[in-house]
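Here is the structure we will look at, set down as structure tokens.
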Amino acid sequence: MKHKINSMVKAAFSMVVMFALYFGFSVPSAAQGTRISNKTVQLEWNPTFTVDASEFKGIDEGSRILLSYTNTKADYHQVKMYAGDWFSLAAGNVSGARPENGSFVTTESKGKIIYTVSKDEAEHIKATGLRLHGFGMKITGISLLTDSALTVTTDSGADAVNTGSGSQPSDGRRENSSTVFIGSRTLDWGSTLSIEAGEFKGFKDGDKIRISYQNTNESYHNVKIYSGNWANLNSGVLANGANNGGTFVPSRDSGELIYEPNAGEAESLRRNGLIMHGYGVRVTEISLSSSGSEGKTDNPSSGTAGTVTVASETVTSNPVPSAETGTPFGEHGKLHVNGAYLYDSRNQKYQLYGMSTHGLNFGHDFSRYVNREAFKTLRDDWNTNCIRLVLYPRDYNGYLNGGNRQELKKLICGGIDYATELGMYVIVDWHVHNYNPRETENEAVAFLSEISSRYAGYGNVLYEICNEPTGSDWNGVIKPYAEKVIPAIRKNAPESIIIVGTNTWSQDIEGPLSNPLSFGNVMYTFHFYAQTHTASFRKRVETAVKKGLPIFVTEFGTCDASGNGGFNKRQSEEWFKLLEKYGISHCNWSLSNKAETASAINSWCGKTSGWTPDDLTESGRLIYNHFRKLKR
């Protein structure tokens, strides 16, 4: 009975408080309500108005959120409330506004909205904070009312407010949009989603593609979009995700990616339609919206900063970077070649170094190391900035020798995407091995054209067009081959760095030294195995570099040239001194547990990431320690 009376008193008191709050009266109390913000923000679909979860430690079922507002549009004014994870707040009771399809439409030109949260809503807000989204109104204050805090202060002060970015809720549709796909399509590299060109007949410059999605893979999820001729669309403006060089990584577990193509991309869509490709994402709807039919989106990503207005202040929001700050690519950006050296986007000399995979075509024992966690281990623990992806055309199960071409391309593309997501540089190696590269020239052009088209806008992808074209003369074979293959790549990726192999297991660098290619951003391959190739080979490299030849050691070993036997720490360290002296980029053979000296991982170790020094071979430990000393 006592509990019932207390509940009745409590409810009556709450009604009095709400009445007083709504009409702007002050209510005496032993405790004050929590004033979350006194800043003014204009809701025009952009920006969202967010409050950090730390402000809601005391929220519980029955707590009330009070919004002070002023309408700025006479005919259209509403607010939507979400927890910070876009969990919609619509199940509780509201006063001061009319509920309408998840929105709260204000009934007065100025006033207060009081919303009572449910248990589930309180838990979401406590964990992720609060997010407001709407149109045609200004929010002038936010307060939290709990049972022990039944009053609020007046609309004054200068509390901080966050103008956060996040995904546009998928129910935020505008008029004048057309749905071109509705259903459920999971992207997993083995599937694509295509929209015919006819759907884009009325698509104009400034129109947007809106993609409703749910992530199906917690650790790895992305979307890539192309026009129907496989030209990657990545030069426009992306909202609600990160544009990692043409791979769109959603910022939320579910929501809506919004992409505004540039004029050239819009024309290509009208001509060729749309292809969507990706991994770990389920697409549930695609619609096209006209430029005049919707407000701005949350977090435009086009390389320029967006602005949001808060009261009389203008706050500049950071653009979504092309790679996470602090990662190799995030810090150094697109590379270029000048003279004998590699330079970063700040025009500082830069050295790439890392591991080379073994042949990905040789089966799961070798391809299993192409995974995000492996690359993350190499980046974070081994301190590397580069990974080399090896694809043999002619050897066992090779791309041109019975291998499943689609699966092999998926491996290469997956490796590129893992590296890109982690802000690493990546080499796509067309691993010509001991044959005349012109014999597979057409196939090289086709493969490298396709890959460079898919990754046209990526500044972190390098192309190695012939690994070891042994028995092939530079002037008569290799150079003419390069002059056919390089334009095919440059058509899609005009500033990409291309690495060209040399004769005799990629050691005859004197060929290009005397007759270099005319293209810019080209480097030349040198390979060594420390036990076999000693002081005289180091002298050749040093001479070539001093004469201005840009050399990339895309493959080296700590043992003899067979890859199995003759581990030589001293000669390896002599090579390391030379590589460091001239800043020569280099990749170690190989990231595998094959039972041979050159492997970095012990044959008994089944781990595909997170290796400890005990998991590594003698060679692996030497390489691990070498990389960790370098400046990334």
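Quick caveat: nothing in here was measured; it's all calculated off a predicted structure. Values below: all heavy atoms of this structure, side chains included; hydrogens, waters and symmetry mates excluded.
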Side chains of [Y] and [X]: any donor to acceptor distance under 3.5 Å?
{"X": "Y529", "Y": "N568", "value": "no"}
{"X": "R538", "Y": "Q571", "value": "yes"}
{"X": "H626", "Y": "H586", "value": "yes"}
{"X": "Y435", "Y": "T440", "value": "yes"}
{"X": "E542", "Y": "Y582", "value": "yes"}
{"X": "D560", "Y": "S562", "value": "yes"}
{"X": "E265", "Y": "Y259", "value": "yes"}
{"X": "N232", "Y": "N234", "value": "yes"}
{"X": "S590", "Y": "S592", "value": "yes"}
{"X": "Y350", "Y": "K631", "value": "no"}
{"X": "T525", "Y": "S506", "value": "no"}
{"X": "D615", "Y": "T612", "value": "yes"}
{"X": "N593", "Y": "R368", "value": "yes"}

Taking atom [atom1] of [X] and atom [atom2] of [Y], what is their separation to the nearest 0.5 Å?
{"X": "I498", "Y": "F519", "atom1": "CD1", "atom2": "CZ", "value": "8.0 Å"}
{"X": "I623", "Y": "C587", "atom1": "CD1", "atom2": "SG", "value": "11.0 Å"}
{"X": "I497", "Y": "E464", "atom1": "CD1", "atom2": "CD", "value": "13.0 Å"}
{"X": "L269", "Y": "S227", "atom1": "CG", "atom2": "OG", "value": "6.0 Å"}

State whether R632 and E331 are salt-bridged, where the test is any N-O pair (Lys NZ or Arg NE/NH1/NH2 against Asp/Glu carboxylate O) under 4.0 Å.
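Not counted as a salt bridge, because no side-chain N and carboxylate O are separated by less than 4.0 Å.
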Less than 4.0 angstrom from a charged side-chain N to a carboxylate O is my criterion; do K629 and E580 meet it?
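Salt bridge flag = no for E580 with K629.
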Using only atom types and a distance under 3.5 Å, with no angle test, would you say the side chain of [X] pairs donor to acceptor with the backbone of [Y]?
{"X": "N383", "Y": "F627", "value": "yes"}
{"X": "T357", "Y": "V390", "value": "yes"}
{"X": "D429", "Y": "L389", "value": "no"}
{"X": "N361", "Y": "L391", "value": "no"}
{"X": "S603", "Y": "K594", "value": "no"}
{"X": "W611", "Y": "C605", "value": "no"}
{"X": "N515", "Y": "G511", "value": "no"}
{"X": "N371", "Y": "T608", "value": "yes"}
{"X": "N243", "Y": "F248", "value": "no"}
{"X": "Q351", "Y": "L579", "value": "yes"}

Pairs in or reaching into [range]: which pass salt bridge (Lys or Arg N to Asp or Glu O under 4.0 Å), with residues at least two apart or in two chains?
{"range": "residues 474-486", "value": "none"}
{"range": "residues 430-448", "value": "R394-E439, R438-E441"}
{"range": "residues 504-531", "value": "D508-R540, E510-R540"}

Holding to side-chain hydrogen bond (donor to acceptor under 3.5 Å, both in side chains), I want the full list of residues that pass it with E573, two or more places apart in sequence or in another chain.
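Here no residue qualifies.
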Test side-chain hydrogen bond (donor to acceptor under 3.5 Å, both in side chains) applied to D381 - qualifying residues, sequence neighbours left out:
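With neighbours one apart ignored, the set is Y624, R628.
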Lys/Arg cation over aromatic Y455: K224, 6.0 Å, 45° cone:
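Yes, a cation-pi geometry.
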Please tell me whether [X] and [Y] form a close aromatic pair, meaning their ring centres lie under 6.0 Å apart.
{"X": "Y524", "Y": "W474", "result": "yes"}
{"X": "W575", "Y": "F528", "result": "yes"}
{"X": "F556", "Y": "H527", "result": "no"}
{"X": "F329", "Y": "Y425", "result": "yes"}

Got more than 12 heavy atoms from elsewhere within 6.0 Å of CG, D253?
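Atom CG in D253 is not packed in, count stays at 12 or less.
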Criterion side-chain contact (heavy atoms from CB on, under 4.5 Å) on I225 and I211, from CA distance to verdict
CA-CA 11 Å; I225 59 175; I211 304 163; 4.3 Å; yes
Close side-chain approach of M424 to N460, heavy-atom, < 4.5 Å:
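Heavy-atom side-chain distance check fails, nothing below 4.5 Å.
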Side-chain heavy atoms of P328 within contact of R379, under 4.5 Å:
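Yes - at least one pair of side-chain heavy atoms lies under 4.5 Å apart.
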Applying ring pair (Phe, Tyr, Trp, His ring centres under 6.0 Å) as the test, list every pair that has at least one member in residues 395-416; sequence neighbours left out.
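Listed once each, the pairs are Y399-W430, Y399-F447.
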With side-chain contact (heavy atoms from CB on, under 4.5 Å) as the criterion, how do R252 and N240 come out once you've worked through the C-alpha distance, each side chain's angles and the decisive distance to 0.1 Å?
CA-CA 8 Å; R252 297 285 174 181; N240 313 330; over 6 Å; no
Just do the side-chain contact (heavy atoms from CB on, under 4.5 Å) check on V283 and T186 with the steps written out, would you?
CA-CA 6 Å; V283 176; T186 299; over 6 Å; no
